[in-house]
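Owing to the predicted nature of the structure, the values given are computational and were not obtained by experimental measurement.
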Amino acid sequence: MLVQLTKRTLVLLVSLGLASAMVFWFLSVLPGDPAQVALGTGATPEAVAEMQERFGTDRPLTVQYLDWIGGLFVGDFGVSYVTGATIGPLIIDRLMVSLWLVGAGMLVALVIAVPLGTLSAVHHRRPLGTVLAGVSQVGIAIPNFLAGILLIGLVAVSWRLLPAGGWVPPAQDPIEFLRRLLLPALALGIIEGAVLARYVRSTVLNVLREDFLRTARAKGLTPARALVRHGLRNAAVPVVTILGLQLAVLLVGAVVVERVFVIPGLGSLLLDGVANRDLLLVQGVVMVLVLAVLVLNYLVDVLYTALDPRLRAAA
Amino acid sequence: DAGDTVDPDDTADPADDVDEEPDDDPADDTDDVDEDEADDNGADVAGLSIGFAAEPASLDFSTDDGAAIPEALLVNVYEPLVKIDQDGEIVPVLAESYEVSDDNTVYDFFLEEGVTFSNGDPFDAEAVAFSIERVQEDWTIGLASQMDIVEDVEVVDDLHARVTLAEPSNNWLFSMTTRIGAMFSPDGVDGLDEEAIGTGPYLVDDFARGDRIDLVSNEDYWGEAPEFDDVSLRYFADPNALNNAMLADDIDLIGTVQAPEGLSQFEDDDRFEIIEGTSEGQVVLSFNHDREVFEDQRVRQAIRQAIDRESVIETSWGGYGELIGSMVPPTDPWYEDLTDVHPYDPQAAEALLEEAGAADLELDFRVPNLPYAVNAAQTVQSQLAAVGIDAEIDLLEFPAVWLDEVFTEGDYDMSVINHVEPRDIAQYGNPDFYWAYDNPEVQDLLAEADRGDEETFEENYREVARIISEDAASDWLFLAPNLMVANERVGGVPENNVGEMFDLTVLERT
Amino acid sequence: MSADALAAAHPQDPSVSVLEVRDLTVATGGHTLLEDVTFSLGPGERVGLIGESGSGKSLTALAVMGLLPEGLTAGGTVQLRGVETDLLRIGERERSGLRGRRLGMVFQEPMTALNPLMRVGHQVAEVLRIHGTVDDREDATRRAQQLLADVELPDPVRIARRYPHQLSGGQRQRVMLAMALANGPDVLICDEPTTALDVTVQAQMLQLIAAGVADRTSGLLFISHDLPVVATVCERLLVLYGGRIVEAGPTHQLLTRPRHPYTEGLLAASDLEAVDDQGRLPTIPGAVPPDGRFPSGCVFRNRCPRGDEACTVWPGWTGREDHGVACWYPSGAPHG
Amino acid sequence: MWPAGTRAGHRMAEPEVIYDVRDLVCRFRQPRTSLRHRSPSLTAVDRVDLQVTAGQRFGLVGESGSGKSTLLRCLAALQQPTSGSVRFRGQELVGRRDRQLRFLRGDVQVVFQDPMASLDPRMRVRELIAEPLVAQRAPGSHERVDELLDAVGLPRGSASRYPHQFSGGQRQRIAIARALAVRPSVLLADEPVSALDVSVRAQILNLLQDLVERFDLTLVFVSHDLAVVRHVCDTVAVMRTGQLVERGSAEAIASEPQHPYTQALVAAVPTLRRALDGATPSTLLRDVPSDTASESLVRRDPPEPS
Amino acid sequence: MSGPQPLSGPSGQVPVPGEDAPPGITRSRRSLPASLLVGATLVASIVVVALLSFVWTPHDPLLVQGAQRLQGPSGEFWFGTDRFGRDVFSRLMYGARTTLLVGVVAVGIAGLIGTPLGVLMGSSPRVLGEVVMRFNDLLLAFPALLLAVMFGAVYGSSTLTAMVAIGIATIPVFARVARSGTLQVLSSDYVLAARSAGRTKLAIAVRHVLPNISGLVIVQASVSFAIAVLAEAALSFLGFGTQPPTPSWGRMLQEAQELVAVRPAQAVAPGLAIALAVLGFNLLGDGLRDRLDPRLDDRRGTE
Ligand SMILES: Nc1ncnc2c1ncn2[C@@H]1O[C@H](COP(=O)(O)OP(=O)(O)OP(=O)(O)O)[C@@H](O)[C@H]1O
Ligand SMILES: Nc1ncnc2c1ncn2[C@@H]1O[C@H](COP(=O)(O)OP(=O)(O)OP(=O)(O)O)[C@@H](O)[C@H]1O
Ligand SMILES: [Mg+2]
Ligand SMILES: [Mg+2]
């Protein structure tokens, strides 16, 4: 266990190092000189040079990279070339928003996926199972922004039940926070739920075919109880993996929903950063997203090992 | 003389503004941030919520030339000495009155008494001198160069400041109505991007990046208290989201309709009033005069004649907007109807192209990725295709890439952008401007205008407008309308978009 | 009426069979996999079910247990002593109440038949708790350890805390047996319980099974394709081929005087010492057809040396239910 | 048992040594369990010495996990041993790379346990049988394939079919035909009949016997079933936990096993004869020497929980 | 392995009573899975529509006609016209091209690079395989959308950058599938048999590994195609994908968003097109999975 953990942690750290280098290198070829952009179009060459010095963009790339990565370790993402704002807190703020959104979306997804997937697996090759499987197929095929647009059109605009978008931090007003979270979480969660339902379905199907489930029934458990007591935990192992991967994908994929619902999350920050050529900001956001993906994968790996005694011992 | 032509640097701003230009009207909406937003019931609450499209990147308009900052803060938080009113007249604000010398070089400002900054410092002539000199020394945005003409600021007494210009300028006082005329406290400029200290009726309560700015009324305001105590300025990167928020009663006023096509939703709903005024924004189809193809006036004229501008208005701005024949909005005194110069006539256009030997023209049509520009560009492209011109659309991110590649580098054949700066016709006198229009006659007329008296100013501007129209220096697709939607609770919404600010003080409860 | 009440109504009577299977038929959408399987099991009786792969042995066991995979349907009757209703016709709840308590089963694959995420002691305890055999958790744990000790697992306390993957195949199979025997079932079904084991381990396992059913006077249905193994364990044999019982009889008689040509072939092929003068083994031509596509009529006729026109019709059963044959041309004299 | 006559022929002359295995060790590393200690290893083959001479039918028995297959893979040079030497007709195999083993591939062929698993499901029978020929740059003609099909008793029409279209016994015939394609002199068989039904097992054993005689093959035959080995082989080696514990003529091993482990193996096998004599599971067990019967002797106990 | 036979092996010999049946009389072919039929039909119709759009569309999909803007569905304009007076149906047809192009190129890139990479990872010496795999995992940290935004930022947004970004982001998926397939194939007895027959590593990779993992790869391609369609739609919706005036379903949806209350059909049509395409490719993938490897399904149950 410890060996495995050490190895995985090392791999994570090396990956993070490589990822940061890739991100940095890739974005440093971005067209548009940050100093020039920051100064606007009227800047004199001298002013640009001065600005470059202030930003440190006149230094060799390696030095800039080391400086940047050094800052990251202490949570210092630098200062935006464009707005002069400190990037770190900005990213944290936005990340919190995205995490709320994605977390709520995932919750919706799970609430949909687990019963839907399980039912359609249990009713495999029977009408209900086919219908449910069909429903999740259709769900997967719908882009989440379309779901968002339709939800807004219906719930917010036509029925005026909920706001059409926007964001209120939970600390400021919990009720309003929830009201504004609900629709985007649904848009994200319904579609994601359909995706997850498929995984749940196939893992439950696999588990249903397992010999030990037959053993459980031979012991006198009804099929439903056998599934609950012996099957679901086994099915959970692969689903957790998918969940982690999907969570990471969702963190990035939420950008479209954030756009539709005007939610100030990490995704919109990224798009704004790109539009403004705010290099350091983009770098920071991309790095945080990549970090999130890598760390999530790492956690999933660890969790996976913890869930399955076979792997625990093999470790 | 008319005012100085806008410095090339300044024009950066107009372009910048472009993305948010449709923000014409101030609208207010109550929104009490600390309580339930109560959007569904705005009337009961002191707050007001106004939706805008483009968000300020910081609170410091001295270093960031985004137009969203003065839109939110000028007049409301930072007050200038003078401002532009709805009729385009310059009226005093912090200057109780002012006098201009006969030669248009010496300006005497007599200040309001008892004005304090929100940090408690008094506002006096020292502050005026400080603010003006700071523009010259510390501001990094292009617009600051308009202050170069100031030779001296003299503190005559506490409430009397005298500004001396190096040369006469018709434009200087006008530019003092923009952000460069905002008054700062000498002790209040250290954290401008986070904290705004001005003399205005509102204070910044909270700036949530990517989302909103919350304003609260200034208890110690020297003037008349504004009608709404709490105003939330909310920013919607997506224009449809803005409309939807309005439809869902989440905001009280759309400061800038960016998705005019969706306006029909408001038309049939008596909860809403659509306010249509004019702006200073000319949507210009710009030609790069540095490119060989555009040296030939016939080619330029052919393009103008190939375009059915009515249909451009329809497709790009939902039919709202006005035809103009040159770079002058009808609100300017020197406006003249030039819409008949080079009217839509595709046959004539084709013939002209033939004559100029420019059939099968291929153009690099580099367009900022702003909704109206993209829409206009598609229409233009299709119409040009009809006369045999192949205009390849290349979308550039706005602001960064478009500013960099088109505006600064001049690497384009043709582009579309809304020029929202007032009096920006002067850019036709600036050969270094991105369209590189180099016409000595125009340049002379404009220079003369700034130096001369008011009559010369108007005369010359009218002349320039005609010349560039006939010369087809650009094509002026239409004048962007100032479109707003207000719900029935908000009144006094100013129709026209004048100046750089969204004046919250004129809003009323209904 | 609950199954318990029914069971109580019938005192243990050695002459009454604990399990009666009549005309058991299993079919999948139009295709019959098992047809008219009839046999019974007395208390403490050990019956072997033998046949090659694909002959339907597992299906028989699963049908009795009510654990047929989806898509397969069973017909006929399965009667458990003390339960009035046919097992094929009672509800899933009631059937669950019988499984694990009155019907125990040991499956072939010890690797996969245990839940990999649950400690084995817990898995054994569960079968006690499901049927309310024990009072509380501690009791269940103690009883589970006792059961593990009964199947001669060394250090049952420690073994109980292990996960299945931490046990060897033989150990796992003993855990399975402990679970199957936990509630003293009337019927124990073992489906190839030792095929995956080594011969020495197999011998131990066979001994434990035999001892287990003897202690509880349970009827044993022992399934295997390995004739010597079944012969060692069982008193009576059923030979299954193509989903049909082709011959039945007491072990000794069946092995010394087989009457069905298939039984003969199987016996001959099983004995590696019975070679002809070329050193060749006797064989049955052909192979069990995959997917249960057996010929109509006599299922063995395409491999049978005696097959002819008559065999296109199923011969029917001759003799007693527990001692007879289904063949048009059986060897030896018909049995009285 | 196969007639003695055929075997006698080979015994006449001094038989050539085909395989000479010395001190062969094959270890597998297992995943690390501790940061400080080296990863544990499992010795699947432990200092094995053996010789196989030309014309011999060499049987290898032992229980699951005793290292039979690993040893066989070393003989076929499909696995690099940890140490020791394997000489084939005097040439060292250990340390050679795949492409230096062409001589071996033409001379030694393998038949595996599961006929379905050892035939590529995406290949037609013709390609499967011809694969060794193609690999040896001796492109197989259609005639050769047909010849081989005849030899193993499959209709010629089978060549254009896929393996899944055959029954288990037929698939094993295909595998055998393929092994014979390059006219090897040595056939290594790893439990070739364990996956088959008894009735089919007899067919395949008969076939193997025919072919060994016809093509004068040296046979190394692995099985966990002592009875089968005894039937097929003349010499038998017993393996346990990687070591050869006993070796001798098939007859001797079966009738007078020396090593307690072999004795246990012999005793624990249920046979029809003994069943008829009234053997029960407990009699089986009674005959097994008590120390060998314990499972712990078969090294398959998984590690203690960490 | 002496367990039960695969419960529904693809086919088997049917012995004819009374004679020794020739081997390999194949059983009647498995009936086509419904998902395969529906999926293939949907995909085929998209392909047909895309091809048709090269030779015929009801109207010019690019022609702006202000006079005809925002018309409802009619005999002339089946799905109405957009804000430019362009025929929505014609644009949908043209959009199918964009969709397929993006899918083909993205999946092509991912499959052509990812599959050999996966085979390499599965079959090469441990260190190299491990390094490649780690790198692959690293790439997994850049989801298509993120990569496309980055690419768009650096190289400008276009269909090309979107396709390439989606393709690159999909490489690890193929690599993983190919790797696990390769590992499985390499551990099989038939590879051992091939080695003992004297086959070289390369020959084994080409003759055994590739054909045996092709099913997995094809299924993955179909599923990835669906994901690529969705990704392109999302990118175009955000303005990072296909640029106007070229019709793309995502972009059309974005343009119609403004009108969703006024002309819902305009948003519904491209939305439906996207959903049908994704559904089609997903179903096709599922169907192929069932069809190409029926054993997979059953083995799981019995092993
Ligand atoms: N779920 C199912 N659907 C269709 N056919 C099935 C199913 N389960 C089993 N069969 C078929 O039923 C026949 C008998 O299967 P069964 O598992 O009972 O054989 P068996 O005698 O137990 O063989 P083995 O020794 O291999 O376990 C086989 O031909 C098999 O293909
Ligand atoms: N590639 C490998 N990696 C790790 N361990 C292995 C490997 N191959 C075999 N082993 C281990 O080596 C030991 C001997 O295995 P081998 O397959 O040679 O036994 P066997 O006698 O053939 O057994 P069986 O009768 O089950 O086939 C076993 O414990 C096995 O788990
Ligand atoms: Mg079975
Ligand atoms: Mg082996």
Side-chain angles (χ1 to χ4, degrees), chain A residues 11 14-16 18-19 22-23 26-27 29-32 130 133-134 137-138 140-147 149-150 152-153 157-158 198 205-206 208-211 245 248-253 255-256 259-260 267 270-271 273-275 277 279 282 285-286 289-294 296-297, chain E residues 34-35 38-39 130 134-135 137-147 149-157 226-227 229-231 233-235 237-240 249-250 253-254 256-257 260-261 264 267-268 270-272 274-283 286 297-298 300-303:
Chain A
V11 167
V14 172
S15 307
L16 282 178
L18 280 176
M22 273 164 65
V23 169
F26 191 79
L27 287 173
V29 300
L30 204 69
T130 312
Q137 277 286 16
V138 171
I140 294 167
I142 296 173
N144 54 20
F145 48 93
L146 181 61
I149 292 171
L150 297 178
I152 291 178
V157 173
S158 295
R198 256 170 63 100
L205 264 183
N206 281 346
L208 281 175
R209 294 192 186 118
E210 293 281 3
D211 284 355
L245 291 176
V249 171
L250 218 55
L251 209 52
V252 179
V255 56
V256 198
R259 178 51 68 91
V260 173
L270 176 69
L271 295 188
V274 168
R277 282 296 177 277
L279 181 64
V282 173
V285 177
V286 171
L289 287 171
V290 169
L291 181 97
V293 177
L294 289 174
L296 275 170
N297 284 348
Chain E
S35 52
V38 178
E130 186 84 350
R134 291 297 154 211
F135 188 76
D137 283 355
L138 191 61
L139 202 53
L140 213 54
F142 293 86
L145 219 54
L146 183 61
L147 212 57
V149 169
M150 284 169 69
F151 272 40
V154 174
Y155 302 110
S157 304
I227 295 172
V229 170
L230 271 180
L235 282 170
F237 186 82
L238 290 176
F240 281 94
W249 294 342
L253 186 52
Q254 193 258 324
Q257 194 193 349
V260 82
V268 169
L272 210 62
I274 295 169
L276 285 178
V278 174
L279 187 66
F281 281 103
N282 271 333
L283 287 178
D286 277 9
D297 210 37
D298 295 319
R300 249 184 258 134
T302 54
E303 261 174 20

Worked verdict on A:Phe145 versus E:Gln257 for side-chain contact (heavy atoms from CB on, under 4.5 Å): CA-CA 10 Å; A:Phe145 48 93; E:Gln257 194 193 349; over 6 Å; no
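- Contact annotation for E:Phe281: neither backbone nor side-chain heavy atoms come within less than 4.5 Å of a heavy atom of chain A.
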Test side-chain contact (heavy atoms from CB on, under 4.5 Å) applied to E:Leu138 and A:Met22, step by step: CA-CA 10 Å; E:Leu138 191 61; A:Met22 273 164 65; 3.7 Å; yes
E:Phe237 vs A:Leu146, side-chain contact (heavy atoms from CB on, under 4.5 Å): CA-CA, chis, key distance, verdict: CA-CA 10 Å; E:Phe237 186 82; A:Leu146 181 61; over 6 Å; no
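- Contacts of A:Val157 with chain E are absent, with no heavy-atom separation under 4.5 Å from either backbone or side chain.
- Among the candidates A:Leu271, A:Val260, A:Leu291, the residue making the largest number of heavy-atom pairs closer than 4.5 Å to chain E is A:Leu271.
- Contacts with chain E were tallied for A:Gly253, A:Ala19, A:Ala141, A:Gly153; A:Ala141 has the most, counting heavy-atom pairs under 4.5 Å.
- Annotation: side chain of E:Val149 is not in contact with side chain of A:Val282 (no heavy-atom distance under 4.5 Å).
- Using a 4.5 Å cut-off between heavy atoms, A:Ile149 touches chain E through its side chain atoms alone.
- Neither the backbone nor the side chain of A:Leu205 comes within contact range of chain E, judged by heavy atoms closer than 4.5 Å.
- Of the residues considered (E:Val268, E:Val229, E:Asp286, E:Leu276), E:Asp286 shows the highest number of contacts with chain A, using heavy-atom pairs under 4.5 Å.
- Counting only heavy atoms from C-beta outward, the side chains of A:Gln137 and E:Val38 never approach each other to under 4.5 Å.
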Intermediate values then yes/no, side-chain contact (heavy atoms from CB on, under 4.5 Å), A:Val256 and E:Leu145: CA-CA 10 Å; A:Val256 198; E:Leu145 219 54; 4.0 Å; yes
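- With a 4.5 Å cut-off on non-hydrogen atoms, E:Ala226 does not touch chain A at all.
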